[in-house]
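Fair warning: this is a prediction, and the values are worked out from it, not measured in the lab.
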Amino acid sequence: MLEDISLKVEEKSVVLIYGPRSSGKSALLRSIVHLNEELFDSLDFKGDIFFHGQSIINADRKFLRRKIAYVDTSFIESLSSLTVNQMITLVKGRNVDLYSDEMVNLLKQLGVIDLLKAGMHTYVEDLHGNTRVLFLLMLAILREPEVIALDCIVDHLDDEAALNVQNVVLSLKQKYTLILATRKMPNFLPISDKIIMMKNGKIEFEGTKKEMVFKFSNSNI
């Protein structure tokens, strides 16, 4: 449940949304792309959400989700029986060239070039750890969005794998607006422009890293 949320995300910025379980992070990200309506039978809400100055409350959802790519690791579970090339084809269409220079360069950038060595017919369920997360990022990028919203994608990775994903996200910083929800603040703190701290569906803090340090210098985050 979200309460009194007011938030502005600047274009091409990185916004980190931090909070414990059930703090409202995921609900907030899902609201941007109208996913809460698909998860819950009924929703009551007031207010509005704007994208480029236009209300998206009644926006076409396919258009919205093409512009704002929401990435959640649970999404891949329902499609685990598909292969890598089938997933890419779902996103880009049947005419996609899986071995084009653009595709190969993207695989290299994301650090999943080994997918080509293992074969594009690898089943998604056989991808593990950071490879699965990076593949999800790849699918988001292939949709050519303006905004990428990452919902706790590194919270279950070990430190080394999380650092690998962090470095990839850093490489995307100048091209996309990034909204990152996590329970592990240090993973993305160095690359964030704005910090949002949530608890019980409310925003408890909004500001820069420097402002956060001054505010919480005597507490454990």
Go through the steps to decide whether Gln109 and Leu172 satisfy the test side-chain contact (heavy atoms from CB on, under 4.5 Å), and finish with yes or no.
CA-CA 10 Å; Gln109 178 189 5; Leu172 305 175; 3.6 Å; yes

Compile the donor-acceptor pairs under 3.5 Å between side chains in residues 47-59 and protein atoms, sequence neighbours left out, one pair per line.
{"unit_1": "Asp48", "atom_1": "OD1", "unit_2": "Ser55", "atom_2": "OG", "d": "2.7"}
{"unit_1": "Asp48", "atom_1": "OD2", "unit_2": "Ser55", "atom_2": "OG", "d": "3.2"}
{"unit_1": "His52", "atom_1": "NE2", "unit_2": "Glu146", "atom_2": "OE1", "d": "2.6"}
{"unit_1": "Ser55", "atom_1": "OG", "unit_2": "Ile57", "atom_2": "N", "d": "3.4"}

Compare every heavy atom of Arg132 with every heavy atom of Val124, then report the nearest pair and how far apart it is.
O-NH2, 3.6 Å

Between Pro145 and Ala140, the two heavy atoms sitting closest are CD-O, 3.2 Å

Quick check against the 3.5 Å criterion: does Asp193 have a side-chain atom that pairs as donor or acceptor with the backbone of Val14?
yes

Under 3.5 Å: donor-acceptor pair, side chain of Arg30, backbone of Asn36:
no

Can you tell me how far the CD1 atom of Ile196 sits from the CD atom of Glu206, to the nearest 0.5 Å?
4.0 Å

Taking the side chain as every heavy atom from C-beta outward, state whether Leu189 and Ile195 have any pair of such atoms under 4.5 Å apart.
yes

Just how far is it from atom OH of Tyr176 to atom CD1 of Ile68, taken to the nearest 0.5 Å?
14.5 Å

Non-hydrogen atoms of Arg94 and Thr89 that approach each other most closely
CA-CG2, 3.7 Å

Residue pair Leu137 / Leu150, side-chain heavy-atom distance below 4.5 Å
yes

Got a donor-acceptor contact below 3.5 angstrom from the Lys173 side chain to the Ile191 backbone?
yes

One should read off an interatomic distance between Leu136 CG and Met138 CE, to the nearest 0.5 angstrom, of 11.5 Å

Applying side-chain contact (heavy atoms from CB on, under 4.5 Å) to Leu7 and Leu28, what does each step give before you reach the verdict?
CA-CA 10 Å; Leu7 173 63; Leu28 178 56; 4.2 Å; yes

For Lys175, is the NZ atom crowded, meaning more than 12 foreign heavy atoms sit under 6.0 Å from it?
no

Determine whether Leu163 and Leu134 fall in the same hydrophobic cluster, where Ile, Leu, Val, Met, Phe, Trp and Tyr are linked whenever their side-chain heavy atoms lie under 4.5 Å apart.
no

In the structure I gave you, are the side-chain heavy atoms of Asp72 and Leu35 within less than 4.5 Å of one another anywhere?
no

Polar side-chain atom of Lys194 near backbone of Lys8 as donor-acceptor pair, under 3.5 Å
yes

Please evaluate residues Val154 and Gln166 with respect to the criterion side-chain contact (heavy atoms from CB on, under 4.5 Å), reporting the C-alpha separation (whole Å), side-chain torsions for both, the decisive distance (0.1 Å), and the verdict.
CA-CA 9 Å; Val154 301; Gln166 175 192 308; over 6 Å; no

Donor-acceptor pair, side chain of Ser192 and main chain of Phe188, under 3.5 angstrom:
yes

Close side-chain approach of Met198 and Leu2, heavy atoms under 4.5 Å
yes

Could you report the tightest heavy-atom contact between Ser6 and Ile203, atom names first, then the distance?
O-CD1, 4.0 Å

Atom pair OG (Ser31) and OH (Tyr70), whose distance is rounded to the nearest 0.5 Å:
10.0 Å

List the atom of Val96, the atom of Met103, and the distance in Å for their closest heavy-atom pair.
CG2-CE, 3.8 Å

Is there a side-chain contact between Leu110 and Ile141, using heavy atoms and a 4.5 Å cut-off?
yes

Linking I/L/V/M/F/W/Y whenever their side-chain heavy atoms sit closer than 4.5 Å, directly or via other members, would Tyr123 and Leu139 fall into one cluster?
no

May I ask you to decide if Arg183's main-chain N or O and Asp155's side chain share a donor-acceptor pair within less than 3.5 Å?
yes

Beyond-backbone contact of Thr122 with Thr83, side-chain heavy atoms, under 4.5 angstrom:
no

Are Val104 and Lys108 close enough, and set up right, to give a side-chain contact (heavy atoms from CB on, under 4.5 Å), and what steps lead you there?
CA-CA 6 Å; Val104 171; Lys108 287 181 179 178; 3.9 Å; yes

Rounded to the nearest 0.5 Å, what's the gap from OH on Tyr18 to CD on Glu204? Could you check?
11.0 Å

Using every non-hydrogen atom in the two residues, find where Leu29 and Ala149 come nearest and quote the distance to one decimal.
CD2-CB, 4.2 Å

Are there over 12 heavy-atom neighbours, none belonging to Asp60, within less than 6.0 Å of that residue's CG?
yes

Counting heavy atoms not belonging to Lys209, are there more than 12 under 6.0 Å from its NZ?
yes

Backbone N/O of Asp4 and side chain of Lys202: donor-acceptor pair under 3.5 Å:
no

Looking at Phe205, I'd like to know if its CZ atom is crowded, meaning that more than 12 non-hydrogen atoms belonging to other residues, nucleotides or ligands lie closer than 6.0 Å.
yes

Would a distance-only check, ignoring hydrogens and angles, find a side-chain to backbone donor-acceptor pair under 3.5 Å from Lys25 to Leu180?
no

So, do Val84 and Phe135 sit near enough that their side-chain heavy atoms are less than 4.5 Å apart?
yes

Between Arg65 (side chain) and Val33 (backbone), is there a donor-acceptor pair under 3.5 Å?
yes

Does a side-chain N-to-carboxylate-O contact under 4.0 Å join Lys92 and Glu144?
yes

Straight-line distance of Asn164 CG to Asn130 CG, nearest 0.5 Å
5.0 Å

